[in-house]
Q: 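Handing you a structure now.
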Number of protein chains: 2
Amino acid sequence: MSVRLKDLAKQTGYSISTISRALLGYSDVNPATRKKILEAAKRLDYYPSQIAKQLRSGRTRTIGFLIPTYGERFSDPFFIELLTGIGDMASLMDYDILVGTSGDGEKELEEYRRVVGGGRVEGLIITRTRIRDQRVSYLLKTHTPFILLGRVLDHKNVPYIDIDSRSGIKILTRHLIESGHRRIGFITTPDDLVFTKFRNQGYREALKEAGIPYDPDIVEIGNLTLESGKSLGLKLLSRKDRPTAIVAVNDLMALGTYGAAQQLGLTIGRDVSITGYDGISLSKNAHPPLTTIEVPIYEIGKQLFEMLYKLINHENLGESQILLPPKAVFRESVGSPA
Amino acid sequence: MSVRLKDLAKQTGYSISTISRALLGYSDVNPATRKKILEAAKRLDYYPSQIAKQLRSGRTRTIGFLIPTYGERFSDPFFIELLTGIGDMASLMDYDILVGTSGDGEKELEEYRRVVGGGRVEGLIITRTRIRDQRVSYLLKTHTPFILLGRVLDHKNVPYIDIDSRSGIKILTRHLIESGHRRIGFITTPDDLVFTKFRNQGYREALKEAGIPYDPDIVEIGNLTLESGKSLGLKLLSRKDRPTAIVAVNDLMALGTYGAAQQLGLTIGRDVSITGYDGISLSKNAHPPLTTIEVPIYEIGKQLFEMLYKLINHENLGESQILLPPKAVFRESVGSPA
DNA sequence: CTGTTAGCGCCTTCAG
DNA sequence: CTGAAGGCGCTAACAG
């Protein structure tokens with residue numbers, strides 16, 4: 001169907017190997033010959049078979065990125081920003097991205113096996129790291145290059161980028177405490193996600209340092225979606241001893257509690273203060289604007305790819321474990337309690 | 001590096017072709033032989049080289065999806081939902097997705113050429129169709145299967161899924177009119193995007209049928225982001241003869257105008273009514289909930305893949321041009337003017 | 001039932 | 001300066 005070297009050979013009368021060399025810019029080709037060959041290539045709209053190149057070279061110039069549909073399906077603006085960052089940098093370095101969705105359990109691993117074992121990708125970027133993450137074990141075992149967005153606890157020396165979210169949540173919680181809050185609810189996530197552990201720590205530490213006892217009754221577990229933020233927000237804010245502030249571990253759930261507060265007729269920033277985490281563009285434009293940790297996810301996507309690229313190509317990675325400091329933005333969703 | 005057929009051959013003592021046949025389940029292999037081979041494969045964690053298979057078969061079992069970074073970069077929740085839909089169905093049919101970001105102009109076409117001409121994908125899904133879309137011309141010329149999300153105007157018979165957004169916007173505009181509005185602002189997009197044309201038509205037709213003159217002074221052009229919705233909303237709502245209602249062509253811009261209204265101290269649904277388009281999960285949870293057109297984008301993603309699959313595999317596509325009726329949801333962002 | 005052979009498209013020695 | 005040959009890993013036709 002499409003034009004191959006052999007077609008150019010037929011057209012020009014030269015052999016396949018001469019054509020190949022001319023196209024690759026080798027110096028041992030007669031300029032006149034090269035000219036004819038390049039013209040024919042252009043005329044017939046020749047593009048080399050990437051597949052053949054890949055087989056020949058043993059390299060795919062492709063990285064993998066599997067969207068975890070583990071647990072709930074989510075439409076997190078976060079992911080497309082991340083993917084765009086990865087993609088822009090990949091495109092710059094002439095790499096492609098193989099994207100898939102991965103289920104959970106054995107099915108997830110099967111997906112990795114197919115892509116990695118089948119030699120389709122040279123490396124992967126892994127998100128939503130979990131406690132005892134089977135993906136990480138598998139990739140280590142198969143010596144496949146990868147970079148984590150987030151950390152794992154059971155392996156040292158795996159390269160990652162992460163934001164210090166323990167400090168992040170701690171800063172936000174402390175900010176609430178300094179604003180006068182003593183009863184602060186917490187909306188977190190199931191603790192098989194690694195970042196949950198850090199964020200929970202941040203919350204508890206801030207309370208402890210202020211001498212506020214930890215009250216499990218006002219800690220709820222959601223699934224990162226707007227909807228779960230709303231229903232858990234309703235639950236917390238409907239209590240007779242309702243908290244005057246709520247810390248949510250991501251923006252979407254925080255914005256969900258906005259809905260809950262509004263439904264209950266509470267004014268955010270006055271009747272109840274709320275904080276989030278991620279800094280998605282909606283957080284700035286919410287009403288009132290949301291106090292949160294701003295994560296430069298597009299930039300992180302670019303950097304993740306850069307690191308993976310170096311790892312794949314055996315370049316010096318420099319720092320391989322990057323823990324970025326959180327950048328808090330204080331906005332009007334936080335005020336003093338009545 | 002990884003285990004290949006030849007390694008299994010060495011291990012078991014059989015020839016490469018016997019191994020291959022055993023693994024593929026051919027019937028002309030001695031059951032005992034097969035058993036030994038399967039065991040060896042399992043033990044050595046054999047996975048066939050997808051690249052070799054692809055070269056051999058001439059098929060990649062991969063489709064392409066290029067995220068248009070044309071114009072502004074956007075973190076539209078829309079895209080990740082769409083990608084998840086495509087991905088889930090692709091995974092079911094054992095297809096992979098090659099994702100890239102594409103710039104604009106000649107750079108965009110180059111990206112397509114590389115992926116298509118290089119034979120990396122069997123087909124593509126194209127979004128954000130434009131007037132005189134060079135991607136469509138190229139894919140038609142190269143006989144590459146593709147399905148559009150959206151329509152094009154200059155070619156008949158290209159397969160697509162689209163929502164009848166002319167009707168959609170018309171319904172919403174009419175709803176505003178029936179609620180008593182006569183002065184209705186419009187926030188739209190640059191008219192190189194095809195859907196802009198249809199949405200603009202819907203707006204104008206609704207006005208016309210109600211005998212309301214079209215006033216270009218209260219029509220603004222944004223870039224689909226929250227931010228542009230906000231700044232254009234401010235512009236419209238700061239006019240002395242400010243509109244009592246605003247129709248935005250997508251939810252993000254509509255929610256941007258929420259910010260504008262709130263900044264100006266206007267109550268949405270009372271001082272100003274607002275409508276969107278897309279039905280992202282935020283629209284339901286906004287305060288007040290947004291009147292919009294609900295687009296089942298995850299489902300559409302699945303269906304896009306299904307159509308592309310059929311096209312690629314020469315199955316009967318049935319209807320190849322699917323225009324879905326808009327599904328309006330009327331919520332509290334619309335009320336009667338003061 | 002099993003092995004040998006050829007070829008997908010490309011690049012890269014090696015000869016001439 | 002150019003062509004012939006080999007091989008990346010796999011499958012399918014053909015012998016035996």
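We name chains A, B, ... by the order of the sequence lines, and we start the count at 1 in each one. Since this is a predicted model, take the numbers as computed values, not measurements.
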Q: Side chain of B:P31 only, heavy atoms from C-beta on: which candidate in C:dT12, D:dG3, C:dC1 is closest?
A: C:dC1
Q: Answer yes or no: is there an ion pair linking A:K35 with A:E39, defined by an N-O contact shorter than 4.0 Å?
A: yes
Q: Identify each atom pair where a protein N or O and an N or O of nucleotides 5-9 of chain D are less than 3.5 Å apart, giving names and distance.
A:
unit_1, atom_1, unit_2, atom_2, d
D:dG7, N2, A:R56, NE, 3.4

Q: Using atom CG of A:L23 as one end and atom C1' of D:dT2 as the other, report the distance to the nearest whole Å.
A: 15 Å
Q: Which nucleotide sits closest to the side chain of B:T18: C:dG3, D:dG3, D:dC1?
A: C:dG3
Q: Measure from the side chain of B:Y14, starting at C-beta and using heavy atoms only, and say which of C:dT2, C:dT12, D:dT2 lies closest.
A: C:dT2
Q: Take the protein atom OH of A:Y47 and the nucleotide atom P of C:dC10, then report the distance between them rounded to whole Å.
A: 14 Å
Q: May I have the distance from B:K35 (atom NZ) to C:dT2 (atom C1'), rounded to whole angstrom?
A: 20 Å
Q: Just jot down the salt bridge (charged side-chain N to carboxylate O under 4.0 Å, His left out) partners of B:R120, sequence neighbours excluded, or say none.
A: A:D96
Q: Identify, between A:I16 and B:R21, the residue whose nearest nucleotide on DNA chain C lies closer to the 5' end.
A: B:R21
Q: Taking NZ from B:K36 and C1' from C:dT2, how many angstroms apart are they, rounded to a whole number?
A: 13 Å
Q: Take the protein atom CG of A:L24 and the nucleotide atom C1' of D:dT2, then report the distance between them rounded to whole Å.
A: 15 Å
Q: Atom CD of A:Q54 and atom P of D:dC10: how far apart are they, to the nearest Å?
A: 15 Å
Q: Have a look at A:D28 and say if it touches a base, only the backbone sugar-phosphate, or nothing, with a 4.0 Å heavy-atom cut-off.
A: base
Q: Closer than 3.5 angstrom, by distance alone: can the side chain of B:E122 be matched with the main-chain N or O of B:R61 as a donor-acceptor pair?
A: yes
Q: Considering all heavy atoms of both residues, which atom of A:R34 and which atom of A:S27 are nearest to each other, and what is their separation?
A: NH2-N, 4.5 Å
Q: To the nearest Å, how far apart are A:R34 CZ and D:dT2 C1'?
A: 13 Å
Q: Under 6.0 Å from the CZ atom of A:R132, do we count more than 12 heavy atoms belonging to anything else shown?
A: no
Q: With respect to the side chain of B:Y26, which nucleotide from D:dT2, C:dC1, D:dA12 is positioned closest?
A: D:dA12
Q: Is a salt bridge present between A:E110 and A:K107, judged by a nitrogen-to-oxygen distance below 4.0 Å?
A: no
Q: Using side chain to side chain donor-acceptor pair (under 3.5 Å), reason through A:Y46 and A:D7 one step at a time and then give a plain yes or no.
A: CA-CA 9 Å; A:Y46 171 76; A:D7 304 308; over 6 Å; no
